[in-house]
Q: 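Starting off with a structure, shown below.
Just so you know, these numbers come straight off a predicted model, no measurement behind them.
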Amino acid sequence: MEREVCLRCGGEMGHVGQERIQKGQFGWIFGAWDNLLSGALTVDIYCCRQCKKLELYAVEAPEEDGSGIAQVPCPGCGQLHDMDDAKCPHCGKRLY
C-alpha cells in the first residue's frame, strides 16, 4: 500500500521499511509463553517527512482469532475467559 499524504499534516509519506511485530501479551502467571506462541505480524512502515508521524500497514490480513490468548472455561460458571485471568470476568470467581 502506498500512502502519499500524511493524514495529520498533509506532508509527504516515505516508506521506511518492513518489520515483523510480535503478537501476544506478557502475563504475570505465564510470562512470555503467550507472546512466543502467538506469532508475528509483518507490517510496512511509512513516516511523514514533516511531522514524523508513523503509519503501519499489514502486509497480509491478520488472522481473526480474537485476542490471541487461549480461552478456558471457568470452573465456577463455565463461561470462557482468557487463560491468564486471575479471576473470571463473568462471575468473579478467583482462579489462582
Side-chain angles (χ1 to χ4, degrees):
M1 171 177 218
E2 187 67 31
R3 175 72 65 190
E4 306 242 351
V5 178
C6 176
L7 298 175
R8 178 186 288 165
C9 73
E12 180 184 351
M13 297 295 286
H15 187 260
V16 176
Q18 195 174 79
E19 289 289 329
R20 290 179 54 81
I21 297 176
Q22 185 66 41
K23 298 185 330 184
Q25 296 179 1
F26 186 87
W28 63 276
I29 297 290
F30 297 106
W33 281 106
D34 181 60
N35 200 336
L36 295 173
L37 298 174
S38 294
L41 177 66
T42 304
V43 296
D44 279 325
I45 304 170
Y46 290 85
C47 182
C48 176
R49 298 187 197 286
Q50 291 179 13
C51 72
K52 306 301 182 208
K53 177 183 187 294
L54 291 177
E55 293 184 9
L56 306 177
Y57 296 93
V59 173
E60 296 178 7
E63 296 176 10
E64 295 295 327
D65 62 352
S67 68
I69 298 175
Q71 300 281 301
V72 293
C74 171
C77 68
Q79 295 287 324
L80 290 177
H81 62 85
D82 289 349
M83 187 167 139
D84 63 349
D85 285 340
K87 66 179 184 176
C88 177
H90 306 287
C91 71
K93 178 174 175 61
R94 185 135 180 93
L95 302 170
Y96 301 107

Q: Looking only at heavy atoms, which two atoms of R49 and G14 are closest? And how far apart?
A: NH2-CA, 3.5 Å
Q: Of all residues at least two apart in sequence or in a different chain, which pass the side-chain hydrogen bond (donor to acceptor under 3.5 Å, both in side chains) check with Q50?
A: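 Here no residue qualifies.
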Q: For P89, give me all partners under side chain to side chain contact (heavy atoms under 4.5 Å, CB included), at least two apart in sequence or on another chain.
A: H81, D85
Q: Would you say that more than 12 heavy atoms from the other residues, nucleotides or ligands in this model lie under 6.0 Å from the CD of E19, or not?
A: no
Q: Sequence neighbours excluded, which residues qualify as side chain to side chain contact (heavy atoms under 4.5 Å, CB included) partners of K93?
A: C74, P75, C91
Q: Where is the tightest heavy-atom contact between L80 and P73, given as atom of each residue plus distance?
A: CD2-N, 3.7 Å
Q: If I compare all heavy atoms of V5 with all of M13, which pair ends up nearest, and what's the gap?
A: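 The answer is C-CG, 3.7 Å.
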Q: List the residues meeting side chain to side chain contact (heavy atoms under 4.5 Å, CB included) with I21, not counting sequence neighbours, and say none if there are none.
A: V43, L56
Q: Checking K53 now: which residues fulfil side-chain hydrogen bond (donor to acceptor under 3.5 Å, both in side chains) with it, not counting sequence neighbours?
A: E55
Q: Only counting residues at least two apart or in another chain, list the ones meeting salt bridge (Lys or Arg N to Asp or Glu O under 4.0 Å) with R20.
A: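 Result, salt bridge (Lys or Arg N to Asp or Glu O under 4.0 Å) vs R20: none returned.
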